[in-house]
Amino acid sequence: MSNESAFELSPANRQAGISALVDLPADQWTERWDRIITPPGVKERLLNAMLFCLGPGRKMSDVGLPVHGLILLSGPPGTGKTTLAHGLADRAARELRQRGIASGVRFVLIDPHALPSELLGQSQRGIARLFERAIPDVAHDGAPVVVLIDEVEGLAVSRRWTSTDTNPADVHRSTEAVLTGLDHVARAHPNVVFVATTNFPEAVDEAVLSRVDILEVLGPPSADAIVEILRDSLSELPNTTMDLAGDRLQSLADRLAERSIDARQVRKLVFRAMVSGGTDLALGSRALNMDDLERAISAS
Ligand SMILES: Nc1ncnc2c1ncn2[C@@H]1O[C@H](COP(=O)(O)OP(=O)(O)OP(=O)(O)O)[C@@H](O)[C@H]1O
Ligand SMILES: [Mg+2]
């Protein structure tokens with residue numbers, strides 16, 4: 001198994017809006033799957049969708065069973081969309097390797113902000129270059145490729161939304177370029193799967209949403225999930241003496257669940273507890289206890 005190995009990113013790729021190329025599986029990426037807690041069934045569906053798209057699904061008729069290879073993760077900030085998208089690609093790479101279907105997955109990160117601005121049709125041309133040249137370049141040998149478009153509303157903003165904008169024409173053209181691009185890649189490079197994320201689904205163009213093969217909505221964690229996340233974060237600390245199976249942790253989680261706190265904030269509470277209980281605690285010469293955690297939760 002390889003460690004994370006980034007491909008050499010050529011200036012042309014960077015200019016085309018690709019901000020990272022990573023060869024998966026990679027050791028450091030397993031936790032991006034294992035440590036993201038989702039409701040039952042979510043991960044299984046996502047993994048199967050990706051495997052279907054990278055495997056048998058793409059040999060089928062695109063009229064009979066139209067599969068675009070487009071997975072959308074939607075949800076508020078801090079619910080694990082970006083991390084899970086990485087983890088999903090890594091998990092799929094492991095599965096494909098283990099089953100002898102492929103040696104891994106090439107992971108491509110798109111940075112919408114790196115694309116040219118919406119000036120004078122620049123962004124439309126930039127998007128066309130990304131989908132018609134840069135992504136096909138990465139996918140040319142037929143090996144599985146996963147492309148992450150984080151915060152897709154930045155790239156394919158709803159045309160309905162922008163209709164009252166000062167300069168809607170260019171935004172429309174950019175969104176149309178994304179649609180054309182998605183269709184082109186789906187047709188010409190069935191070895192490519194897109195994973196898009198958004199915390200603003202209303203702003204994503206309807207025709208893009210219509211091309212989505214599977215949508216998973218992630219929300220704030222349940223009380224049980226909060227317990228699991230707190231335990232996981234606490235396991236990072238060297239010498240906690242806390243009773244991680246006790247009722248107190250459960251009742252803290254119940255309180256947090258009532259507030260609809262996001263998972264990122266749940267983990268940050270452990271950090272806050274660590275830095276609010278004195279220097280000894282911060283420097284590790286005193287162990288964190290349940291009172292520290294309770295105080296941090298009450299103060300937040
Ligand atoms: N469902 C979850 N289970 C466990 N930890 C989580 C979960 N969601 C988020 N986290 C924690 O929060 C961190 C940030 O999550 P991530 O950036 O993936 O969220 P996001 O949904 O992409 O947020 P944003 O919309 O702000 O980009 C993760 O690395 C992890 O530590
Ligand atoms: Mg994110």
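Read the numbers this way: they start at 1 and go in the same order the structure lists the ligands and their atoms.
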Heavy atom of [X], distance to ligand 1 below 4.0 Å:
| X | result |
| --- | --- |
| T38 | no |
| I36 | yes |
| E151 | yes |
| G78 | yes |

Check the pair R248 / E294 against salt bridge (Lys or Arg N to Asp or Glu O under 4.0 Å), numbers first and verdict last.
-> CA-CA 9 Å; R248 265 179 96 186; E294 249 170 20; 2.9 Å; yes

Give me the nearest non-hydrogen protein atom to [atom] as residue plus atom name, then the distance to 0.1 Å.
| atom | value |
| --- | --- |
| atom 14 (C) of ligand 1 | R264 NE, 3.6 Å |
| atom 10 (N) of ligand 1 | A263 CB, 3.7 Å |
| atom 11 (C) of ligand 1 | R267 NE, 3.7 Å |
| atom 19 (O) of ligand 1 | G80 N, 3.2 Å |
| atom 29 (O) of ligand 1 | T83 OG1, 3.5 Å |
| atom 21 (O) of ligand 1 | K81 NZ, 2.7 Å |
| atom 22 (O) of ligand 1 | T82 OG1, 2.8 Å |

2.8 Å cut-off met by an N, O or S atom of T83 to the Mg ion (ligand 2) =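 Checking T83: none of its N, O or S atoms is under 2.8 Å.
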
State whether a side-chain donor-acceptor pair under 3.5 Å links [X] with [Y].
| X | Y | value |
| --- | --- | --- |
| Q265 | R272 | yes |
| R267 | S233 | yes |
| Q124 | S174 | no |

Within 6.0 Å of CZ in R255, more than 12 heavy atoms from elsewhere |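 More than 12 heavy atoms, drawn from other residues, nucleotides or ligands, come within 6.0 Å of this atom.
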
Indicate, as side chain, backbone, both or neither, the part of I229 found under 4.0 angstrom from ligand 1 when only non-hydrogen atoms are considered.
->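 Side chain only; the backbone of I229 stays clear of ligand 1.
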
Give the numbers and elements of all ligand 1 atoms closer than 4.0 Å to a heavy atom of I37.
->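 Numbered from 1, ligand 1 contributes 1 (N), 2 (C), 3 (N), 4 (C).
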
Sub-4.0 Å atoms of ligand 1 with respect to non-hydrogen atoms of R35 |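 So the answer, numbered in order with elements, is 3 (N), 4 (C), 5 (N).
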
Taking R286 as the fixed residue, which of D292, T279, D280 is the one that meets the side chain to side chain donor-acceptor pair (under 3.5 Å) rule?
->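 When D292, T279, D280 are each tested with R286, the side chain to side chain donor-acceptor pair (under 3.5 Å) holds only for D292.
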
Backbone N or O of P220 within a donor-acceptor pair of the D262 side chain at under 3.5 Å?
->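 Here the side-chain-to-backbone pair does not exist.
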
Without swapping roles, check the side chain of S74 against the backbone of V217 for a donor-acceptor pair under 3.5 Å.
->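 Looks like no, no N/O pair under 3.5 Å.
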
Please report the shortest heavy-atom distance between F200 and T198, naming the atom on each side.
->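 Closest heavy-atom pair between F200 and T198: N-OG1, 2.9 Å.
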
Non-hydrogen atoms of D90 and P25 that approach each other most closely |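 Closest heavy-atom pair between D90 and P25: OD1-CA, 3.1 Å.
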
